[in-house]
Amino acid sequence: LMSRISAPSDSTKLAAALASAQVKLKAVQKQSTDAQQAYTDASSAKEYTDAQATVTDLQGQIKTLEASATDYQNQLNDL
């Protein structure tokens, strides 16, 4: 890359592009860190963990009911 720089204006443009990219990178890294922290905070909130427990319980109930329904369907089929 440096061998292709033929004039001082090229190196100035490169330096400006590099500085701009570094600023954008830092902004994106900050946004990523903030989003990760928000996720961590939300996922450890009591409401979230309570909701997860409820969903897990409901999934268990659904499996139990589906198994019962299958059993009853099999009983009907045997008649």
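- Taking CD from Q29 and CD from Q22, the interatomic distance works out to 10.5 Å, rounded to the nearest 0.5 Å.
- Inter-residue side-chain proximity for Q36 and T40 is flagged as met; some heavy-atom pair is nearer than 4.5 Å.
- Counting only distance, with no hydrogens or angles, the side chain of S20 and the backbone of A16 share no donor-acceptor pair below 3.5 Å.
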Is there a side chain to side chain contact (heavy atoms under 4.5 Å, CB included) between Q37 and T33 once you walk through the steps? CA-CA 6 Å; Q37 185 60 50; T33 299; 5.6 Å; no
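- One distance of note links CD of Q61 with OG1 of T54; it measures 10.0 Å at 0.5 Å rounding.
- Side chain to side chain, Q75 and D71 fail the donor-acceptor criterion of an N or O pair below 3.5 Å.
- Here the OH atom belonging to Y48 is positioned 13.0 Å from the CG atom belonging to D41, to the nearest 0.5 angstrom.
- Put simply, the side chain of S32 never gets that close to the backbone of V28: no donor and acceptor are under 3.5 Å apart.
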